[in-house]
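In what follows, chains carry the letters A, B, and so on, assigned in the order in which the sequence lines appear, proteins first and then strands, with residues in each chain numbered from 1.
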2 protein chains.
Amino acid sequence: MRSQMLIFSKKALLPAIKILSHGSFPKFAGQFAIQKAYASLLTPTIRQVLANPPKLESEGTARGHIKAIRTFKNVGFIDLSDGSIHETLSVTINNPEDTLRDNRYKVGQSVEIRGKWIESRGSQPFELSYDPENPTHNISIIGDVLENYPIQKKRLTLQFLRTVPTLRHRTSLLASVLRFRAHVEGVLADFFRENDVVKVAPPLITSSDCEGAGEQFQIRPTNEIQSMSEKSSYPSEKNGAKDADLGFFGKDAYMTVSTQLHLEILALSLNRVWTLTPCFRAEDSNTNRHLSEFWMLEAELCYVTEVHQLTDFVEAMVRDLVGNLQLESTVLTSGSEHDLLGARFSKQDREKIAQTWNQIMGEDKWPSITYTEAIEILNRVKNKGRLKGRLAWGDLILTEDEKWLAGVHYNSPVFITDYPKSQKPFYMLQNEADNTQVSEETDRATVACFDLIVPEIGELVGGSLREHNHEKLVSEMQHRGMLTEAMQWYLSTRENGSVPHGGFGMGFERLLAYLAAVDNIRDISAFPRAPNVCAC
Amino acid sequence: MRSQMLIFSKKALLPAIKILSHGSFPKFAGQFAIQKAYASLLTPTIRQVLANPPKLESEGTARGHIKAIRTFKNVGFIDLSDGSIHETLSVTINNPEDTLRDNRYKVGQSVEIRGKWIESRGSQPFELSYDPENPTHNISIIGDVLENYPIQKKRLTLQFLRTVPTLRHRTSLLASVLRFRAHVEGVLADFFRENDVVKVAPPLITSSDCEGAGEQFQIRPTNEIQSMSEKSSYPSEKNGAKDADLGFFGKDAYMTVSTQLHLEILALSLNRVWTLTPCFRAEDSNTNRHLSEFWMLEAELCYVTEVHQLTDFVEAMVRDLVGNLQLESTVLTSGSEHDLLGARFSKQDREKIAQTWNQIMGEDKWPSITYTEAIEILNRVKNKGRLKGRLAWGDLILTEDEKWLAGVHYNSPVFITDYPKSQKPFYMLQNEADNTQVSEETDRATVACFDLIVPEIGELVGGSLREHNHEKLVSEMQHRGMLTEAMQWYLSTRENGSVPHGGFGMGFERLLAYLAAVDNIRDISAFPRAPNVCAC
């Protein structure tokens with residue numbers, strides 16, 4: 001059995017690390033211990049095998065799921081995949097009639113094959129050769145498949161794959177989407193680290209409601225819920241120590257819809273913070289861009305006084321990411337390390353991805369228009385001045401119009417800033433100049449906010465400056481009929497060393513769908529959650 | 001106003017990136033655009049200022065919260081902190097009587113000070129000098145504090161700080177804990193990436209119960225919960241489209257207690273996966289090492305057939321991490337970049353931290369004993385053969401005994417393997433040899449599992465090989481009286497290309513508490529959640 005060394009982070013060069021990475025034990029009990037450590041290291045992934053070619057003519061073992069079986073007169077092929085890379089490892093079977101008879105081996109089975117590494121006749125530099133005459137060679141079925149195993153070589157639709165949620169990630173496309181997700185998260189983490197933005201972990205259980213909306217999930221221990229549905233009045237708890245009406249936390253508790261309010265507290269302590277966490281929305285919407293549980297990347301930055309500091313930051317973040325992806329793709333198309341999107345998609349999909357990335361990386365800065373300008377452009381250009389469908393100042397910009405602005409009018413991601421205050425949450429900073437700009441309407445108050453709109457998706461990022469003045473924030477909450485008492489913890493930050501700040505949130509699955517040209521974010525999420533969708 | 005460039009990830013070297021990082025716009029509308037971009041970049045953090053010393057004798061602006069004010073005859077000092085680094089930025093005030101009179105400036109206020117960078121008389125290479133006579137110099141209070149602002153220079157207990165949850169992270173100790181957390185996560189992410197383990201995002205909303213325990217939070221949309229507590233029978237929903245009794249997801253839904261089962265599915269697709277997500281336990285326990293919401297690092301690795309492959313992996317992971325921390329600490333004690341733990345802790349705490357790290361990095365591999373050996377050692381050594389308190393095979397090993405084994409007996413982290421099957425969940429792989437080893441008792445079945453026990457904490461990591469044989473797994477579930485129907489999705493992985501695999505879970509706050517020698521994990525979690533604890 002071939003053993004594999006664990007690889008330690010580049011920075012770690014300390015002596016003690018030798019213990020495990022080199023199989024040598026400085027002060028250890030000799031041969032026995034060394035052998036023990038040797039035997040217990042992990043077997044290599046196919047990606048590692050491909051990246052570190054084994055010695056030709058030596059014996060070796062390959063492990064994976066059978067992806068395809070092909071039989072010719074004198075030779076057969078079994079392609080193995082273990083999901084660590086999109087490429088398969090080829091095993092050639094000498095005199096295959098006997099070995100491959102009776103459909104003994106099937107697509108989807110996990111197998112372990114012992115054979116000899118030889119030079120490949122195919123595109124790979126080497127392959128494993130199995131010779132049924134050689135007594136040390138062997139093929140074992142580790143895990144069989146049911147007769148109806150659905151992940152066959154034929155092209156499967158994403159819709160169909162959603163019906164087999166425990167197996168669909170064995171397709172090379174959806175496996176590559178998962179690996180892509182991990183890669184994107186890593187690049188973004190580097191970007192934030194290098195810009196001195198600290199990753200933090202705000203709570204997902206919250207006693208307050210970020211947006212002022214009611215579409216939240218409430219949580220209760222299972223036994224409390226059971227008691228509630230059995231009796232009309234809320235019963236007392238078994239241990240009697242708590243006021244049962246108040247529940248486990250002593251108050252109503254919800255799953256967060258956005259971590260922003262807590263991030264603001266942490267930003268006022270650490271200057272710049274970001275997070276990537278699940279958020280939860282109990283909206284009854286079944287679309288290709290909504291999930292009940294989705295991951296959101298959120299950031300809050302102190303000493304920010306203009307919306308364009310935020311839009312520049314967001315543009316830099318996305319450009320840095322896509323610049324990385326392009327660089328990796330260029331490097332990788334020629335090597336076996338390639339593990340981004342390219343190889344798994346159809347030619348058409350790959351062209352679409354390339355086009356999206358090129359559009360993002362255009363030489364000009366992305367356009368930035370105000371809400372007022374957006375309404376004007378939509379009326380003048382999209383509606384060509386017709387009265388029918390004309391938008392009035394204060395109307396919502398629909399997703400369809402957002403897609404038109406980015407995909408047709410600008411052919412670029414585009415920022416829309418300074419939306420009407422009435423459309424936005426209480427915590428956004430009101431633009432001061434607004435009251436002097438009133439024309440037709442009496443109140444055209446806007447807030448210092450932005451949405452990033454991208455083709456085919458619509459809103460990808462939303463952010464704003466936050467009202468940091470205590471008096472103004474309280475007044476705005478009262479104006480909206482909000483209870484300030486429950487939000488006292490949030491308001492207290494404005495009474496103690498408040499600082500101008502702003503931030504944004506980006507739906508992570510939407511970002512990935514956009515960059516990978518995947519239509520439905522249920523194919524980005526490993527186990528999507530939506531109304532009536534909670535398969536496993 | 002001093003501007004600051006965004007720093008792009010090292011890998012991104014593409015032309016388009018020049019746009020934002022160098023303030024130059026290749027095809028842009030000239031000077032106006034450049035100035036606009038210039039003005040909108042972020043102001044530097046104190047960490048960045050200290051790392052990139054400004055030109056002496058030039059004017060500059062410093063921003064932060066006032067950490068301390070000291071007045072002498074001819075000079076005063078204001079120390080500023082913005083939480084980006086533990087070090088403060090010193091501002092000297094010439095002829096301070098007038099400037100600092102009437103307690104105009106107070107600890108906790110956020111201020112912006114314009115002055116001149118000069119060589120420092122203190123430990124730092126430079127400081128900002130404010131001269132009240134100079135008309136371009138200025139001090140503005142950005143955010144005032146209330147009279148009772150609690151974060152004063154005096155030493156505050158962690159217990160007291162928990163009572164001011166929105167302000168406690170402004171203390172240098174708790175801010176450093178947050179930065180440490182981000183650093184540790186980054187090092188671990190590197191380790192997994194370099195060992196070909198893919199980061200994935202399993203769902204937190206689940207319809208099943210990982211451990212077979214009932215201590216979960218159940219979730220319902222807020223409006224459903226309200227209806228439940230108002231009426232005795234569960235009412236129908238307003239949109240009528242769903243079977244209301246089944247709720248939003250068409251079935252009962254819970255917050256996950258462990259993502260393991262979903263990780264197993266993803267491991268069987270990608271070979272090696274890990275995640276770091278919140279998990280939720282509705283246990284009514286108020287201890288210094290339990291939270292209702294905590295982050296758990298979990299990994300599942302395919303083609304693992306021995307428990308010691310897992311323990312070696314875990315030891316390598318923790319050693320790699322601590323090796324990094326030691327290296328950084330050594331490098332950093334001599335420079336201003338230091339941003340790990342050292343500087344913020346008392347001398348006593350620092351010694352304790354150093355001792356913990358040295359113990360982890362000992363030259364010998366960590367001891368690994370079986371459960372049976374642990375019971376024997378506890379009876380023989382800890383209990384010195386006395387009958388009172390003698391443990392029988394099958395008894396739980398209490399936290400107190402775990403701490404004794406690691407902290408006193410071995411003076412090292414220690415693995416305990418092969419626990420009684422009856423103490424562990426259904427999915428663990430049963431050890432085959434057990435039935436031949438029966439001595440006194442009739443059934444000493446054990447499972448191929450391990451706990452990592454560390455001094456002062458007890459259990460830090462728990463893991464096992466997973467039963468990958470369909471028949472045996474079903475049989476075990478039936479034996480335990482579990483409903484296999486609801487777990488069909490999980491069982492299906494054992495019917496389709498099953499692979500020997502194993503994994504582990506590590507409480508992330510516990511790891512940090514251990515490494516930072518913090519007694520209570522409520523001081524590791526930014527906003528801890530526990531019974532009756534959900535402050536904001």
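- Counting heavy atoms from C-beta outward, Leu204(A) and Met255(B) have side chains that stay 4.5 Å or more apart.
- For a residue to count as touching a neighbouring chain, one of its non-hydrogen atoms must lie under 4.5 Å from one of that chain's; by this rule Arg494(A) does not touch chain B.
- For Leu146(A), the parts sitting under 4.5 Å from any heavy atom of chain B are the backbone and the side chain alike.
- Heavy-atom distances place the backbone of Asp144(B), and not its side chain, under 4.5 Å from chain A.
- Contact of Pro278(B) with chain A is made through the side chain alone, with heavy-atom distances under 4.5 Å.
- Within the 4.5 angstrom heavy-atom criterion, atoms from both the backbone and the side chain of Thr166(A) approach chain B.
- Residue contact with chain B, scored on non-hydrogen atoms closer than 4.5 Å, is absent for Ala267(A).
- Taking 4.5 Å as the limit, some side-chain heavy atom of Arg179(A) sits within range of a side-chain heavy atom of Leu270(B).
- For Arg181(B), the part sitting under 4.5 Å from any heavy atom of chain A is the side chain, from C-beta outward, and nothing else.
- With chain A as the partner, the residue from Ile360(B), Ile46(B), Leu178(B), Asn271(B) showing the most heavy-atom pairs under 4.5 Å is Asn271(B).
- With a threshold of 4.5 angstrom between heavy atoms, Val304(B) approaches chain A through side-chain atoms but not through N, CA, C or O.
- Only the backbone of Ala535(B) comes within contact range of chain A, with at least one heavy atom under 4.5 Å from a heavy atom of that chain.
- Heavy-atom distances place both the backbone and the side chain of Ala201(B) under 4.5 Å from chain A.
- Contacts of Ile205(B) with chain A are made by both backbone and side-chain atoms, with heavy-atom separations under 4.5 Å.
- For a residue to count as touching a neighbouring chain, one of its non-hydrogen atoms must lie under 4.5 Å from one of that chain's; by this rule Phe280(B) touches chain A with the side chain only.
- Chosen from Ile265(A), Asp196(A), Leu321(A), the residue pairing most often with chain B at heavy-atom distances under 4.5 Å is Asp196(A).
- Interface check for chain A: of the options Ala182(B), Pro203(B), Ala526(B), Ala189(B), the most heavy-atom pairs under 4.5 Å are formed by Pro203(B).
- In terms of heavy-atom pairs under 4.5 angstrom with chain B, the leader among Leu266(A), Val499(A), Thr493(A), Val533(A) is Leu266(A).
- Only the side chain of Leu301(A) comes within contact range of chain B, with heavy atoms under 4.5 Å apart.
- Contacts of Ile151(B) with chain A are absent, with no heavy-atom separation under 4.5 Å from either backbone or side chain.
- Listed options His470(B), His65(B), His262(B) were ranked by heavy-atom pairs under 4.5 angstrom with chain A; first place goes to His262(B).
- Of the atoms belonging to Glu495(A), heavy atoms from both backbone and side chain fall under 4.5 Å from chain B.
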